[in-house]
Structures are given as structure tokens and as C-alpha cells.
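Beneath this line is the structure, given in C-alpha cells, with notes to follow.
Order of listing sets the numbers, starting from 1, for every ligand and every atom in it.
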Amino acid sequence: MQQKISPASAISGDIVLPGDKSISHRYALIAAIAEGPTRIRNYSTGADCHSTLGCVRALGIEVEGAGTEFTIRGRGLEGLRQAAQDLDAGNSGSTIRMLSGILAAQPFRTRIGGDESLSRRPMRRIMRPLAEMGATIGARDDQFPPLEIQGAKLRGIDYALPVASAQVKTCVLLAGLYAEGATSVTEPARSRDHTEIALREFGAEVTVERRKITVAGRGKLTGRELAAPSDLSSAAFFIVAALLAPGSKLGIRGVGLNPTRSALLDFLMGMGARIRVLDLESRNGELVGDLLVEHSELRGGEIAGGLTAALIDEIPVLAVLGAATEEGLTVRDASELRVKETDRIRTVVDNLRRMGVEAEELPDGMAIPGRQKFHAAELDSFGDHRIAMAFAVAALSGDGDSVIHGAEAASVSFPEFWETLGKITSH
Ligand code: S3P
């Protein structure tokens, strides 16, 4: 699908966005191994979270519902059944990595794979700790999906994560639910903590001591009622669009503002962004609030070290923003971007250059000088949802009509993106 984007004069209105992708995955996976039904409201509409539901169903768990509301009838830690066919994680790294932690503990063998992009994503990062816990895992070229997982009785481990990855942390903690004894994961930098929060909501024993998270094995998880907040990483595209367009004033309601995700707001406000956070409350252990964003002149800045891990999904759209700031944006310590749905250093720099924007590709990041103009161009998502949406935002600042090729990729996390963008854009 091709999407034409015309320049915007303002981004304004009041919107509610779909449920958080990270939280939806976790609720569905934990619900499947909890005892009794879990009702989830505001479940992510993204294809990735539907891949997770599909896998859960294929493992014999009843999932009812449609749209944004689902009931998952979990049957306890031992309630999964061997799937009749290979599991399909689609485009979703979260699905394959997190679910593998559960599959590693099952008394059966499972094969799980996904689309072409997923088949190029590194899996050794989960294979190592799961093998240490006792599972046997085969992979294409010993590192890529599809994975062939032979479950076993697992033993608890004390694992130091080599990369800050919430998916890997979650994988090990979910496996830890099945293990003899306690399982600990120590992170090199703090990553999103939705798993720790969700596990506690379901009744698991989780302790956190600085960067070390420990889960007790063989505890009881109980199904419950949950509502996912709206996705801050989806909101990021509209936040940046509103900051860039001169007449903008945009309200976004009920957004997840978990401190391990909200570095985005601190970073933007630190550059001079006019963003107000209103009506903060805690829902199912997650912080939720409303945002009010107004057009702002921004200074520019640097993303490096722990901040890179905290902003990892927002870097494509922040790179777009960087070109319009006073001093530009530098991103370092971000080689993880090269193993996302696409090599996001390359796909961001490629699209920026198509718009006549100067951008330097660095081995572990990029450097984008400030005060640049975006020229209308033919842009490509390269099949990556966040690239499609980031460059829709860039195109709104263009000097004419741009086209995004492969615009359908947005559906991976945000199927309503194009429609919502149309509603809040004035030309
Ligand atoms: C996610 C963790 C991050 C992030 C991804 C979602 C999660 O990936 O990029 O979009 O929900 O745990 P990594 O764990 O690979 O850093």
C-alpha cells in the first residue's frame, strides 16, 4: 500500500490510542499460564499482539473476544498442550522471545518461526539462558528462527544479561516461573519493567534489587481483570508531529507513562518541548495519564548510554525530529537498532537522505545536523512499522506531497495510524 502525505499546518484534537503493545503481549502470555479467566480490556490492535493470541490458542488455550477486549481462559502452569502445527510469531520478536521462555518448560517439543524479517533476528540471546536452565533449543544456523524447542524440567539460574533487552529478561523470568528455586536476571541498563509489574498482578513473587530481578519458581498465578494503557511508543509519532507543525495543540488520553518508558517525555521536555502531563493515576500497577502537546522550538541533543536503551523504539521518529532542531541530534550506543524489524540506522538514514536531509551513519548510531528542511520524496517503510510511521511524520513537514511505500507495515503495532493521522492533521 502507498500512502500520500501532504504538508501539515497543524496537528490538533483530542485522541485516544490503542492499547500498549508491550503490555498486551505480557498480559496474554501470563494469562495463558494462570489459573482461571483473565479479561483484558484495551488489548493492542496490532498484528504483533494478535500473533501472540494465535500462538496461545494453538497451545490449547481458549481465547474469546474481538477488537480490543479478550478473555483468556488460562489452565495453570501445566495447562498448555502441544500445538498441532508450527507456531507463527509473524513479525513479532516479542512473541517468539517471550513465549520461548514458557515453551522451554513444557513436556513437549515446539517449532516456532515467523516472517522473513523475524527469520533474520538474533535468538542466541534467549537460547543461551534457556539452555543453561535445561531446555534444548535448535535454530537455523544455530541463531535464527525458526526455533525448535524441546522443553524440560528447568533449574533456576542467576543470569547477567549481556544486552539490555526487556524481551530477553521476560523470556528468562517466564521460564523461571517453572523452575526449581529462584531465577534472577541482572540488567546492564534498566529496561521496561512491565513483566515484573504484570507478574505481581497475577500473584507471582517478584523482587527487584537495583538491576537484579528475581522470580520465585512454581508459584501460583491467578487470572484477573486488566486494562492496558494506551501505547506511549505509538503516541510518540503524534507527539513529534505536533511539536513540529506550527499551529499544533494535541491532547492524547490514557497513555501509559511507566517511568521505564517515559524517558521520551523527559528527553523532549529537556530540549524545550511544551508537553504537559495531566491526571496521573495507577492502573494495574502501571502509571497512566493524559498528555497535552503544543508546537515547540527545540534545541536538539544527544542520546547515548542508558538513555539509548530507554528510547530504543522512539529513535526513528526522534531522528526525524532532530533534523528540525536548533543543534541536531546524535545517537550513540545504539547497535541494537541494527537488529530490529529492519536495520533502523540504515533505514532511517536512507529515508532522511531521500528527503534531502543530511544524516551521517555511525557504526552504533547516527548524527543529524539541525535546522534542516524536509523535501517531498518517495519514501519506503522497508516493511518496518516504526519506519513507516516515523517518515509519515517527516512527510508532514515536507515542501510538497510525499509517498510512503509499504505503508501497510504500520499495522504491526498500530493499524489505525493512517486514519488517526488524517483526523488530527490540518493542511
Ligand atoms: C520490547 C522490548 C524492546 C523493544 C520492543 C518491545 C518488549 O526490544 O524494542 O519493541 O516489549 O519487551 P528488546 O528487548 O530487543 O530491546
Side-chain angles (χ1 to χ4, degrees), residues 18-30 43-44 46-49 51-52 89-102 114 117-118 120-129 143-145 159 161-174 185 187-199 213 228-229 231-237 256 258 260-261 263-264 286 303 306-318 331 333-345 347-348 364 384-390 409-410 412-414:
D20 187 273
K21 173 163 97 67
S22 290
I23 295 175
S24 297
H25 282 300
R26 287 157 171 85
Y27 283 175
L29 291 173
I30 302 169
Y43 191 81
S44 165
D48 270 9
C49 292
S51 295
T52 291
N91 189 244
S92 176
S94 296
T95 306
I96 192 168
R97 293 201 181 114
M98 303 202 278
L99 180 54
S100 292
I102 295 174
S117 151
L118 191 75
R120 290 193 301 264
R121 300 193 58 192
M123 293 296 142
R124 271 198 193 136
R125 52 185 66 194
I126 60 159
M127 292 165 68
R128 274 201 203 109
Q143 57 178 328
F144 299 118
Y159 192 68
L161 280 183
V163 281
S165 161
Q167 292 175 357
V168 180
K169 169 175 69 175
T170 301
C171 169
V172 178
L173 292 177
L174 293 180
V185 180
E187 308 186 88
R190 203 160 169 230
S191 71
R192 61 195 72 192
D193 66 355
H194 305 303
T195 302
E196 296 87 310
I197 293 173
L199 281 173
I213 304 111
D231 198 320
L232 179 60
S233 299
S234 297
F237 301 104
N258 177 317
T260 61
R261 293 280 294 283
L264 169 70
E286 292 283 352
I303 302 174
L307 186 58
T308 303
L311 292 176
I312 197 76
D313 289 341
E314 285 74 61
I315 289 174
V317 77
L318 289 173
V331 179
D333 306 314
S335 14
E336 272 296 298
L337 284 179
R338 296 207 182 269
V339 291
K340 293 292 179 189
E341 286 82 333
T342 57
D343 174 345
R344 287 184 177 158
I345 296 177
T347 50
V348 164
D364 67 339
D384 182 334
H385 57 130
R386 296 199 202 280
I387 298 299
M389 295 186 278
V412 156
S413 60
F414 195 175

Would [X] and [Y] pass as an ion pair if we require N to O under 4.0 Å?
{"X": "Glu286", "Y": "Arg261", "value": "no"}
{"X": "Arg26", "Y": "Asp193", "value": "no"}
{"X": "Asp313", "Y": "Arg386", "value": "yes"}

note = Of all heavy-atom pairs linking Ala263 and Leu307, the shortest is CB-CD1, 4.1 Å

Pick one of side chain, backbone, both or neither for how [X] approaches ligand 1, counting any non-hydrogen atom pair under 4.0 Å.
{"X": "Arg97", "answer": "side chain"}
{"X": "His194", "answer": "neither"}
{"X": "Met98", "answer": "neither"}

ask   = Between the side chains of Lys21 and Ser233, is a donor N or O closer than 3.5 angstrom to an acceptor N or O?
value = no

ask   = With distance as the sole criterion, is a donor-acceptor pair present between the side chains of His194 and Ser22 under 3.5 Å?
value = no

query = Of all the atoms in ligand 1, which lie at a distance below 4.0 Å from a heavy atom belonging to Ile312?
reply = 9 (O)

ask   = Which of the atoms of ligand 1 are close to Ser22, meaning less than 4.0 Å from one of its heavy atoms?
value = 6 (C), 7 (C), 11 (O)

Closest candidate by heavy atom, reference [atom], pool [options]:
{"atom": "atom 12 (O) of ligand 1", "options": "Glu314, His385, Arg261, Arg26", "value": "Arg26"}
{"atom": "atom 8 (O) of ligand 1", "options": "Glu336, Lys340, Arg344", "value": "Lys340"}
{"atom": "atom 4 (C) of ligand 1", "options": "Thr170, Asp313, Asp193", "value": "Asp313"}

ask   = What protein heavy atom sits nearest atom 14 (O) of ligand 1, and how far away is it?
value = Ser165 OG, 2.6 Å

query = Considering distance alone, does some N or O of Ala166 sit under 3.5 Å from an N or O of ligand 1?
reply = yes

task = State the CE-OG1 distance between Met98 and Thr52, to the nearest 0.5 angstrom.
result = 6.5 Å

